[in-house]
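Predicted, not measured: the structure shown is a model, and the values here were computed from it. Atoms within each ligand, like the ligands themselves, are counted from 1 in listed order. Values below: every heavy atom of this structure, side chains too, minus hydrogens, waters and symmetry copies. Counting begins at 1 with the first residue of the sequence.
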Amino acid sequence: MIQNTHPASYTLTRPDDWHIHLRDGTALATVVPHTAAQFARAIVMPNLRPPVTTASEAMSYKARIKAAVPAGMSFEPLMTLYLTDNMSPDEILRAKDAGVVALKLYPAGATTNSDAGVTDIRKTYKTLEAMQRAGLLLLVHGEVTSPEIDLFDREAVFIDQQLIPLRKDFPELKIVMEHITTREASLYVASETSHLGATITAQHLLYNRNAIFTGGVRPHYYCLPVLKRETHRLALMDAATSGNPRFFLGTDSAPHAAHLKEHAVGCAGCYTAHAAMELYAAAFDSVGKMDKLEGFASFFGADFYGLPRNTDTITLKRETWTTPESFPFGDALLKPLAGGETLAWQMI
Ligand code: NCD
Ligand code: ZN
Ligand code: ZN
């Protein structure tokens, strides 16, 4: 049978987003409905100000998120804690009991709201031991922060200096390298056989670093880790569409008020939640691999986390539409990635 690699519509098991920033307060009213419209569950990042560092804070944050889910939609936020140098192993037990699924490692200063992050991974070893015993996952923002390391090399250096030794010391700890951006990361994850997974964003599949500089500085294409050169984008496309179950969907949708991105020191983060599946569909369709989207978006993340797969479906239709240029965001505006552009796929 000849497979139709350019279908007019595509129905798949409802996907999950394994990396999202929902923020807090009035922002929730804008961003939660976008994510809940597409995804059944999402791994909610804890980098609020101040960060979510206790099980009880995670539970009240979860209640605020659930209160922002529109009537008639069902959406399950999966909560995480922000790992710090001095988090007590007892908090891991409370987190496990409360249903928290993972801890997030931000090297101090690596990205948005990471000043409270880990200064030296060895300081967290007692906590990591407790996580390994309790079966909580470790999610990592995999970039070194040393100013002498070139910004574009920080992910590859993190793998060599931090991740390889960490995996040796904690072979039973499940680790997700979040938002991978390089050929090195995709090869490293593929070279391991278990306990190591990676999320990939839509923007790192669709764009290379030229997008940030086309005709001038374009702050809405700036996120961390920053977009890389074309060879890396191609390697990420290979990984995402390979059917290897250790690569799965994580949008890293990261809303910031537009005036804070269009700024002398603009914030890092791309907002994609309003059209997440449409953007991933564009990427997979560009290489004739729509048939690989369901595993990546709907199966592999749940399998890696040891959670059941979803049973309902969504449908994407090949029908052009123009995405909104902005959304209200509290008192400010939120400008999404590719705002005002035409997309070829639409979720119906
Ligand atoms: C994220 C944010 O804004 O919270 N920004 C980003 O550029 N990806 C933080 C992160 O995931 O590193
Ligand atoms: Zn990050
Ligand atoms: Zn993120």
query = At a non-hydrogen distance cut-off of under 4.0 Å, which region of N47 contacts ligand 1 (side chain, backbone, both, or neither)?
reply =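 Side chain only.
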message = Please classify the R23 to ligand 1 contact at 4.0 Å (heavy-atom distances, strictly less than): side chain, backbone, both or neither.
response =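 Side chain only.
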Using 30° and 60° as the class limits, which term best fits the ring planes of [X] and [Y]: parallel, tilted or perpendicular?
| X | Y | value |
| --- | --- | --- |
| Y271 | H34 | tilted |
| H179 | H19 | tilted |
| F296 | F284 | tilted |

task = Kindly work out whether a path of hydrophobic side-chain contacts (I/L/V/M/F/W/Y, heavy atoms less than 4.5 Å apart) joins I159 to L196.
result =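 Same cluster.
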request  = Verify the cluster assignment for V101 and L138: are they in a single hydrophobic cluster under the rule of side-chain heavy atoms below 4.5 Å apart?
outcome  =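 No.
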request  = Assess whether side chain to side chain donor-acceptor pair (under 3.5 Å) is satisfied between N113 and R49, documenting all intermediate values.
outcome  = CA-CA 7 Å; N113 297 351; R49 277 185 187 279; 2.9 Å; yes
ask   = Which N/O/S atom belongs to D252 and is the closest one to the Zn ion (ligand 3)?
value =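 The Zn ion (ligand 3) is closest to the D252 atom OD1, counting only N, O or S.
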message = As a test of reading the structure, name the N/O/S atom of H19 that is nearest the Zn ion (ligand 3).
response =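 Distance check against the Zn ion (ligand 3) picks out NE2 in H19.
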ask   = Do any nitrogen or oxygen atoms of T112 come within less than 3.5 Å of a nitrogen or oxygen of ligand 1?
value =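 Yes, at least one N or O pair falls under 3.5 Å.
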Under 4.0 Å to a heavy atom of [X] - the qualifying atoms of ligand 1, by number:
| X | answer |
| --- | --- |
| H19 | 11 (O) |
| C223 | 7 (O) |
| H141 | 12 (O) |
| H179 | 11 (O), 12 (O) |

message = Cation-pi check for F304 against K174: NZ or CZ below 6.0 Å from the six-membered ring centre and within 45 degrees of the axis, yes or no?
response =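 Judged by the rule (NZ or CZ under 6.0 Å from the ring centre, within 45° of its axis), K174 counts as positioned above F304.
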Nearest-contact summary for [atom] - protein heavy atom, Å:
| atom | value |
| --- | --- |
| atom 8 (N) of ligand 1 | D252 OD2, 2.7 Å |
| atom 1 (C) of ligand 1 | H21 NE2, 3.6 Å |
| atom 5 (N) of ligand 1 | A268 O, 3.1 Å |
| atom 10 (C) of ligand 1 | T111 OG1, 3.4 Å |
| atom 7 (O) of ligand 1 | L224 N, 2.8 Å |

request  = Determine, for R183 against E155, whether the closest basic-nitrogen to carboxylate-oxygen distance falls under 4.0 angstrom.
outcome  =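 So R183 does not pair with E155 through a salt bridge.
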request  = Would you please determine whether H256 falls within less than 4.0 Å of ligand 1 on a heavy-atom basis?
outcome  =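 Yes, H256 has a heavy atom closer than 4.0 Å to ligand 1.
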message = What is the name of the N/O/S atom of H141 that is nearest to the Zn ion (ligand 2)?
response =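 That would be atom ND1.
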query = Where do T181 and K228 land on the side chain to side chain donor-acceptor pair (under 3.5 Å) test, with the steps shown first?
reply = CA-CA 7 Å; T181 63; K228 304 293 190 298; 2.9 Å; yes
ask   = So, H179 and the Zn ion (ligand 3): N/O/S under 2.8 Å, yes or no?
value =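 H179 does not place any N, O or S atom closer than 2.8 Å to the Zn ion (ligand 3).
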request  = Would you check, one step at a time, whether the test salt bridge (charged side-chain N to carboxylate O under 4.0 Å, His left out) holds for R209 with E230?
outcome  = CA-CA 8 Å; R209 63 195 192 182; E230 180 67 1; over 6 Å; no
task = Could you go through the salt bridge (charged side-chain N to carboxylate O under 4.0 Å, His left out) check for E262 and K335 one step at a time?
result = CA-CA 10 Å; E262 297 164 3; K335 294 194 188 167; 2.9 Å; yes
